[in-house]
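Remember, it's a predicted structure, so these values are computed and weren't measured experimentally.
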Amino acid sequence: MSKKNKVSIIVPVYNGENTIQRCIESILNQSIKNFDLYIVNDGSSDNTNNVIDKYSSIHNVHIINQDNQGVSKARNVALELVNTEYVAFVDSDDYVDYNYLKNLVSSIEKYKVDLVIEGFKKIGNEKVYLRWEEGVYSSRKLIEILLNEKGPQGYLWNKLFKVDIIKNNNLKFDRNIHMAEDLLFCIKYVSKINDGVVLNNCDYNYVYTENSLSNTASILNKNNNYKEAYKNYLIALDKIKENIPKKYIECYTDINARICRADIDFMRTMKLNDISLDKSLYKMLKKNAKRKQFFLYKSSIVKTKTKIYFWLTLCFPNVIKKIDTVRFRKMNG
């Protein structure tokens, strides 16, 4: 760890033998060289350790091995060691372009802000560039932007953070949250800053696969773990809500709308997946959704189509089940 280095990159990895080398090489190939790279091996059971061990002799590469404790613990362990002015995060499945760090660091210093958010490339069957309106935004507006699911969201890897703000406010990743834990961290961080800048360059390559939705709170999740995913997601959203000042009326409306939509999506997924419906859970979700429906209808970030699906799910659940069944059969066919 060298104080002269300006920025740190944290890469947690678990069973990433097929992608971690590409990820590391893209970071080491950066146009600026004054950075520290922290690779946290979170108890991988494949060949990951042998792959990353090849980089152990490089002076600015720091390898940390731990028992499997989850990505949040891995990030927290590295954050405790970071001794630079800025920190960025990269996922082991992904890779970055040549000027990724240069553009992040130069922008945070040029605009004299506390956070940088940039666009990214979504790499799947095709390459999609995702960009948003460039500009400097207040903390209040940044929270609004992050809550919009059509925006840059809570992804960690398209952002640059100031280490002092993280450490002075004792900001950590919540180990009990494995859904939207990154968004929760970002909201906590943004609530402590004055402003940030959004860039429209796309230096990060997010590699998207069909498995990306396999463990998420999504109607597309057909695994048996979908209930746990949704429950954890709703806990995360409640914690995010706790960190949003009620005086930020638009943001408070949007987080309540997002909770409401998660309740409805959970209900729809239960209808699609469950042969024997958990009626008490379904009833509780419906009650919660009804309680927050005002926010969903009022929120400007919720599409009209989503509001119609919400109404149909509440009033005609069997109709929406038929629509969903046909829709996802076509997607999978």
Side-chain angles (χ1 to χ4, degrees), residues 130 132 143-155 177 179-180 182-184 187 212-223 225-244 246 248-332:
L130 296 168
W132 296 274
I143 292 176
E144 190 177 330
I145 290 171
L146 293 177
L147 290 177
N148 189 338
E149 292 177 271
K150 295 299 181 182
Q153 301 196 62
Y155 301 124
I177 300 296
M179 299 295 306
D182 46 3
L183 177 60
L184 175 58
I187 295 296
S212 299
L213 289 171
S214 63
N215 296 303
T216 64
S218 166
I219 297 175
L220 295 176
N221 185 354
K222 300 298 182 183
N223 292 344
N225 69 350
Y226 81 89
K227 285 185 181 178
E228 178 60 30
Y230 269 110
K231 288 177 181 178
N232 197 266
Y233 181 50
L234 286 168
I235 292 171
L237 291 178
D238 280 334
K239 291 192 175 189
I240 290 168
K241 179 180 172 181
E242 291 172 5
N243 284 276
I244 297 175
K246 287 188 177 181
Y248 291 0
I249 297 174
E250 297 88 353
C251 302
Y252 191 74
T253 297
D254 291 343
I255 187 59
N256 276 292
R258 191 157 174 171
I259 294 171
C260 184
R261 208 194 85 179
D263 286 330
I264 285 293
D265 285 352
F266 196 170
M267 292 166 61
R268 289 169 64 186
T269 309
M270 288 179 70
K271 281 282 190 180
L272 279 174
N273 288 3
D274 284 6
I275 297 174
S276 56
L277 193 68
D278 185 338
K279 292 182 180 179
S280 61
L281 175 58
Y282 189 89
K283 185 177 179 180
M284 182 194 73
L285 292 168
K286 186 174 182 179
K287 181 180 178 181
N288 291 341
K290 282 184 174 181
R291 189 184 299 131
K292 288 184 169 62
Q293 62 182 312
F294 165 79
F295 297 105
L296 183 131
Y297 288 127
K298 185 179 179 182
S299 175
S300 61
I301 67 172
V302 179
K303 291 182 177 180
T304 301
K305 182 179 179 181
T306 301
K307 294 175 182 178
I308 293 172
Y309 268 91
F310 172 84
W311 177 78
L312 284 171
T313 305
L314 282 184
C315 301
F316 304 101
N318 290 328
V319 171
I320 202 70
K321 178 183 178 180
K322 289 181 180 179
I323 294 173
D324 284 341
T325 301
V326 172
R327 178 185 174 198
F328 296 121
R329 186 184 298 141
K330 288 181 178 178
M331 290 177 65
N332 295 328

*Take I143 and I255, measure what side chain to side chain contact (heavy atoms under 4.5 Å, CB included) needs, and give me the verdict at the end.*
CA-CA 10 Å; I143 292 176; I255 187 59; over 6 Å; no
*Do the ring planes of F266 and Y230 sit parallel (below 30°), tilted (30 to 60°) or perpendicular (above 60°)?*
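Correct class here is parallel.
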*Evaluate side chain to side chain contact (heavy atoms under 4.5 Å, CB included) for I264 paired with L314, printing each intermediate quantity in order.*
CA-CA 8 Å; I264 285 293; L314 282 184; 4.0 Å; yes
*Do the side chain of N232 and the main chain of E228 share a donor and acceptor less than 3.5 angstrom apart?*
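Not a single qualifying donor-acceptor pair exists.
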On a heavy-atom basis, which atom in [X] and which in [Y] lie closest, and how many Å separate them?
X: L130; Y: W132; result: O-CZ3, 3.4 Å
X: L237; Y: A262; result: CD1-CB, 4.0 Å
X: D182; Y: Y155; result: OD2-CA, 4.0 Å

If you measure from [atom1] on [X] to [atom2] on [Y], what distance do you get to the nearest 0.5 Å?
X: F310; Y: M267; atom1: CZ; atom2: CE; value: 8.5 Å
X: N243; Y: C251; atom1: CG; atom2: SG; value: 12.5 Å
X: I145; Y: Q153; atom1: CD1; atom2: CD; value: 12.5 Å
X: K246; Y: I244; atom1: NZ; atom2: CD1; value: 12.0 Å
X: T313; Y: D324; atom1: OG1; atom2: CG; value: 7.0 Å
X: M270; Y: K227; atom1: CE; atom2: NZ; value: 5.0 Å

Is there a side-chain contact between [X] and [Y] (heavy atoms, below 4.5 Å)?
X: F316; Y: I320; answer: no
X: K271; Y: N318; answer: yes
X: R268; Y: D265; answer: yes

Please tabulate, one pair per line, all N/O donor-acceptor pairs under 3.5 Å involving side-chain atoms of residues 292-302, not counting sequence neighbours.
residue : atom : partner : partner atom : Å
Q293    : NE2  : K290    : O            : 3.2
S299    : OG   : D254    : OD1          : 2.7
S299    : OG   : I301    : N            : 3.3

Which atom pairs, one a donor and one an acceptor, fall under 3.5 Å between side chains of residues 279-289 and the rest of the protein, sequence neighbours left out?
residue : atom : partner : partner atom : Å
S280    : OG   : D278    : OD1          : 3.0
N288    : OD1  : R291    : NH1          : 3.0
N288    : ND2  : M284    : O            : 3.4

_Under a plain distance cut-off of 3.5 Å, with no hydrogens placed, do Y233 and R258 share a side-chain donor-acceptor pair?_
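The answer is yes; a qualifying pair exists.
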*Could you list all the salt bridge (charged side-chain N to carboxylate O under 4.0 Å, His left out) pairs where at least one residue sits in residues 232-241, not counting sequence neighbours?*
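Qualifying pairs, neighbours excluded: D174-K239.
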